Amino acid sequence: MNPLDTATPSHRPLPIALYCDHAQAADWAAGLRAALPAATIDTWPAPSPAARHAIVWSPTQAFIDAHPALELIFNMGAGVDALLKLHLPPKARIVRIEDGGMAVQMADYVCHAVLRHFREFDVYDASAAAGQWVPRVGRVRSDFPVGVMGLGVLGQRVVTALQQFDFPVSGWSRSPKAIDGVRCFSGAEQFDDFLAATRVLVCMVPLTADTRDILCRASLSKLQPGGYLINVARGAHLVEDDLIALLDSGHLAGALLDVTRTEPLPEDHPFWSHPKVTITPHISAQTVVSESIAQMVVKIQAVQRGEVPAGLVDPARGY
């Protein structure tokens, strides 16, 4: 697509369709109007059929169908798997935000998760609840190598943060990456080596056809004995029954899951009662409205100048 095709002369109003079906909808609309005073912001279900730009989070097919002229769809988050399931207008391309205030949140969530497991704070919580004073023998950090699957903007922030705690850190990505102090693996041919070098696995890869069900018995069994899983990506990465089997066998020591296949997690799901599973409600990294709007404004202004915006998604790769 030629980015010049989407440019809008400055003397013409810029119609933007907004789909934001959550509590921050009013904040998004107000922030966009303040940042883009020349634009008209129409919030769904009010349609904007002439809009060539849309800003969305998990829109419905009805929203897409009501905007046939869309050429650029700006996603409020980093993951675009929900958008790729929809039938988009033929000219429509997806643009994702690279951070939006999420990187620092993801880093502190993952570091907290790793430290909680390594220092056995969950065990101490249980002891305190039982009124027991039971110090445990300290562990050695070199025995707990951390492997991060996915080395995009968020993944790189996470591995940098983990390095500050002196854990051995490795990373795996689809294409080769080089990060100081991090042992980097890439491609399918190095995936098993990455798993074998990992005891604490952090999943941060995008959800694509290649990564769906990637956290299964075959892959998780290759982690070092006593492995621990932290999934902050998508629930569909994980084969849930396989995780439970590996936890029950003792090969895996536990799991912290911020995402699940069905959200909210059903009340009768075995994860709730499993002693080795901790659940959080998809809060590891939440979009910060002001930072996300600032980033989107830069992208929209780039398009108006006839430039290709950063974060343009390749549908074939899924990110």
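Here the structure is a predicted model, which is why all the values come from computation and not from measurement.
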A.B. asks: Sequence neighbours left out, what passes salt bridge (charged side-chain N to carboxylate O under 4.0 Å, His left out) with Arg234? Give chain and number order.
C.D. replies: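 Checked Arg234 against salt bridge (charged side-chain N to carboxylate O under 4.0 Å, His left out); matches are Asp81.
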
A.B. asks: Does CZ belonging to Arg174 count more than 12 external heavy atoms closer than 6.0 Å?
C.D. replies: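 For Arg174, atom CZ is crowded (more than 12 foreign heavy atoms under 6.0 Å).
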
A.B. asks: So, does Gln190 use its side chain to make a donor-acceptor pair with the main chain of Ser186 at under 3.5 Å?
C.D. replies: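 Yes, because the side chain of Gln190 sits within donor-acceptor range (under 3.5 Å) of the backbone of Ser186.
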
A.B. asks: Any donor and acceptor pair, going by atom type alone, linking the side chain of Ser219 with main-chain N or O of Cys216 inside 3.5 Å?
C.D. replies: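 Side chain of Ser219 to backbone of Cys216: a pair is present.
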
A.B. asks: Can you list, pair by pair, the side-chain donor-acceptor contacts under 3.5 Å of residues 140-151, counting residues two or more places apart and other chains?
C.D. replies:
residue : atom : partner : partner atom : Å
Arg141  : NH1  : Phe165  : O            : 2.9

A.B. asks: Is Val303 reachable from Leu312 through a run of I, L, V, M, F, W or Y residues, each pair having side-chain heavy atoms under 4.5 Å apart?
C.D. replies: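 Per the 4.5 Å side-chain linkage, Leu312 and Val303 are co-clustered.
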
A.B. asks: Does the Glu71 side chain pair with the main chain of Lys91, one donor and one acceptor, at a distance under 3.5 Å?
C.D. replies: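 No; zero donor-acceptor contacts below 3.5 Å.
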
A.B. asks: Looking at Trp272 and Pro266, would you say the former's side chain and the latter's main chain have a donor-acceptor pair under 3.5 Å?
C.D. replies: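 It does hold such a pair.
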
A.B. asks: Taking only residues two or more places apart in sequence or in another chain, which ones pass salt bridge (charged side-chain N to carboxylate O under 4.0 Å, His left out) with Lys299?
C.D. replies: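 Once residues adjacent in sequence are excluded, the partners of Lys299 under the salt bridge (charged side-chain N to carboxylate O under 4.0 Å, His left out) criterion are Glu98.
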
A.B. asks: Please name all residues satisfying side chain to side chain contact (heavy atoms under 4.5 Å, CB included) with Gln105, sequence neighbours left out, ordered by chain then number.
C.D. replies: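 If we apply the side chain to side chain contact (heavy atoms under 4.5 Å, CB included) test to Gln105, skipping adjacent residues, the hits are Ala285, Gln286, Val288.
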
A.B. asks: Are more than 12 heavy atoms, taken from residues, nucleotides or ligands other than Asp108, located less than 6.0 Å from that residue's CG atom?
C.D. replies: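 Enclosed: over 12 neighbouring heavy atoms sit under 6.0 Å from CG of Asp108.
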
A.B. asks: Just grab all the salt bridge (charged side-chain N to carboxylate O under 4.0 Å, His left out) pairs involving residues 214-233, residues at least two apart or on different chains.
C.D. replies: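 Residue pairs with at least one partner in residues 214-233: there are none.
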
A.B. asks: Flag the pair Leu238 / Leu229 as yes when at least one side-chain heavy-atom distance between them is below 4.5 Å, and no otherwise.
C.D. replies: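 Yes, at least one pair of side-chain atoms sits under 4.5 Å.
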
A.B. asks: For Asp314, look at atom CG and say whether over 12 heavy atoms of other residues, nucleotides or ligands are found less than 6.0 Å away.
C.D. replies: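 More than 12 within 6.0 Å, yes.
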
A.B. asks: Identify every side-chain donor-acceptor pair in residues 32-42 under 3.5 Å, counting partners at least two apart or on other chains, and give the distances.
C.D. replies:
residue : atom : partner : partner atom : Å
Arg33   : NH2  : Ile41   : O            : 2.9
Asp42   : OD2  : Ser48   : OG           : 3.2

A.B. asks: Are any non-hydrogen side-chain atoms of Gln304 and Leu14 less than 4.5 angstrom apart?
C.D. replies: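 Yes, at least one pair of side-chain atoms sits under 4.5 Å.
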
A.B. asks: Do Val259 and Leu243 sit in one hydrophobic cluster, given that two such residues count as connected whenever their side-chain heavy atoms are within less than 4.5 Å of each other, even indirectly?
C.D. replies: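 No, no single cluster joins them.
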
A.B. asks: Check whether any side-chain heavy atom of Asn75 sits under 4.5 Å from a side-chain heavy atom of Ile97, and report yes or no.
C.D. replies: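 They are not in contact (no side-chain heavy atoms under 4.5 Å apart), so the answer is no.
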
A.B. asks: Check whether any side-chain heavy atom of Tyr19 lies under 4.5 Å from a side-chain heavy atom of Ile55, and answer yes or no.
C.D. replies: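 Answer no - side chains too far apart.
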
A.B. asks: Through direct or indirect side-chain contacts below 4.5 angstrom among Ile, Leu, Val, Met, Phe, Trp and Tyr, which residues connect to Val239?
C.D. replies: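 None; Val239 is a cluster of one.
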
A.B. asks: Can you check whether Thr43's main-chain N or O pairs, donor with acceptor, with Trp28's side chain at less than 3.5 Å?
C.D. replies: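 Absent.
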
A.B. asks: Counting only N and O atoms by type, is there a donor-acceptor contact under 3.5 Å from the side chain of Thr287 to the main-chain atoms of Val289?
C.D. replies: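 Absent.
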
A.B. asks: Hey, are the side chains of Leu88 and Ile94 touching, using non-hydrogen atoms and a 4.5 Å cut-off?
C.D. replies: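 Side chain of Leu88 against side chain of Ile94, heavy atoms only: contact under 4.5 Å found.
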
A.B. asks: Ala236: what forms a side chain to side chain contact (heavy atoms under 4.5 Å, CB included) with it, not counting sequence neighbours?
C.D. replies: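 Here the qualifying residues are Leu207, Arg212, Arg261.
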
A.B. asks: Taking the six-membered ring for Trp, is the centroid-to-centroid distance between Trp172 and Phe191 below 6.0 Å?
C.D. replies: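 Between Phe191 and Trp172, which both carry aromatic rings, the centre distance is below 6.0 Å.
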
A.B. asks: Please round to the nearest 0.5 Å and tell me the distance separating atom NZ of Lys85 and atom OG of Ser58.
C.D. replies: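 Result: 9.0 Å between the selected atoms.
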
A.B. asks: For the hydrophobic clusters of this structure (ILVMFWY residues joined by side-chain heavy atoms under 4.5 Å, transitively), does one cluster hold both Phe185 and Phe167?
C.D. replies: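 Shared cluster, no.
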
A.B. asks: In terms of hydrophobic clusters joined by side-chain contacts under 4.5 Å, are Met102 and Val56 together?
C.D. replies: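 They do not share one cluster, since no chain of ILVMFWY contacts under 4.5 Å joins Met102 to Val56.
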
A.B. asks: We want to know whether Thr280 and Tyr109 form a side-chain donor-acceptor pair, criterion being a heavy-atom distance below 3.5 angstrom.
C.D. replies: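 Side-chain D/A pair, Thr280 to Tyr109: present.
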
A.B. asks: For Arg139, enumerate each residue passing the salt bridge (charged side-chain N to carboxylate O under 4.0 Å, His left out) test, keeping only those at least two apart in sequence or located in another chain.
C.D. replies: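 Salt bridge (charged side-chain N to carboxylate O under 4.0 Å, His left out) check on Arg139 returns Glu120.
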
A.B. asks: Tell me every residue that passes side chain to side chain contact (heavy atoms under 4.5 Å, CB included) with Ser249, counting only those two or more places apart in sequence or in another chain.
C.D. replies: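 Testing Ser249 for side chain to side chain contact (heavy atoms under 4.5 Å, CB included), a comparison that skips the adjacent residues, returns Leu246, His251.
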
A.B. asks: Any ring-ring contact (aromatic ring centres under 6.0 Å, His included) involving residues 65-91? Give me the pairs, sequence neighbours left out, ordered by first then second residue.
C.D. replies: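 Pairs touching residues 65-91 that pass the test: Trp44-His67, His53-Phe74, Phe63-His67.
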
A.B. asks: Under 3.5 Å, side chain of Asp122 to main-chain N/O of Ala126, donor-acceptor pair present?
C.D. replies: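 Here the side-chain-to-backbone pair does not exist.
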
A.B. asks: Where is the tightest heavy-atom contact between Leu70 and Ala54, given as atom of each residue plus distance?
C.D. replies: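 It is CD2-CB, 3.7 Å.
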
A.B. asks: Mind checking side chain to side chain contact (heavy atoms under 4.5 Å, CB included) for Thr208 and listing every partner two or more places apart, or none if nothing turns up?
C.D. replies: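 Residues passing side chain to side chain contact (heavy atoms under 4.5 Å, CB included) with Thr208: Pro206, Asp210, Thr211, Tyr319.
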
A.B. asks: Using side-chain heavy atoms (C-beta onward) and a distance below 4.5 Å, is Asp180 in contact with Thr160?
C.D. replies: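 The answer is no; the side chains never approach within 4.5 Å.
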
A.B. asks: Are any non-hydrogen side-chain atoms of Phe194 and Arg183 less than 4.5 angstrom apart?
C.D. replies: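 They are not in side-chain contact.
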
A.B. asks: Is it true that Tyr228 and Phe118 have ring centroids separated by less than 6.0 Å?
C.D. replies: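 They do not qualify: ring centres at least 6.0 Å apart.
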
A.B. asks: Are any of the side-chain heavy atoms of Val232 and Met106 separated by less than 4.5 Å?
C.D. replies: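 Contact flag for Val232/Met106 side chains = yes.
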
A.B. asks: Can you tell me which residue among Asp258, Leu215, Leu256 is in a side-chain contact (heavy atoms from CB on, under 4.5 Å) with Asn231?
C.D. replies: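 For Asn231, the side-chain contact (heavy atoms from CB on, under 4.5 Å) check succeeds only for Leu215.
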
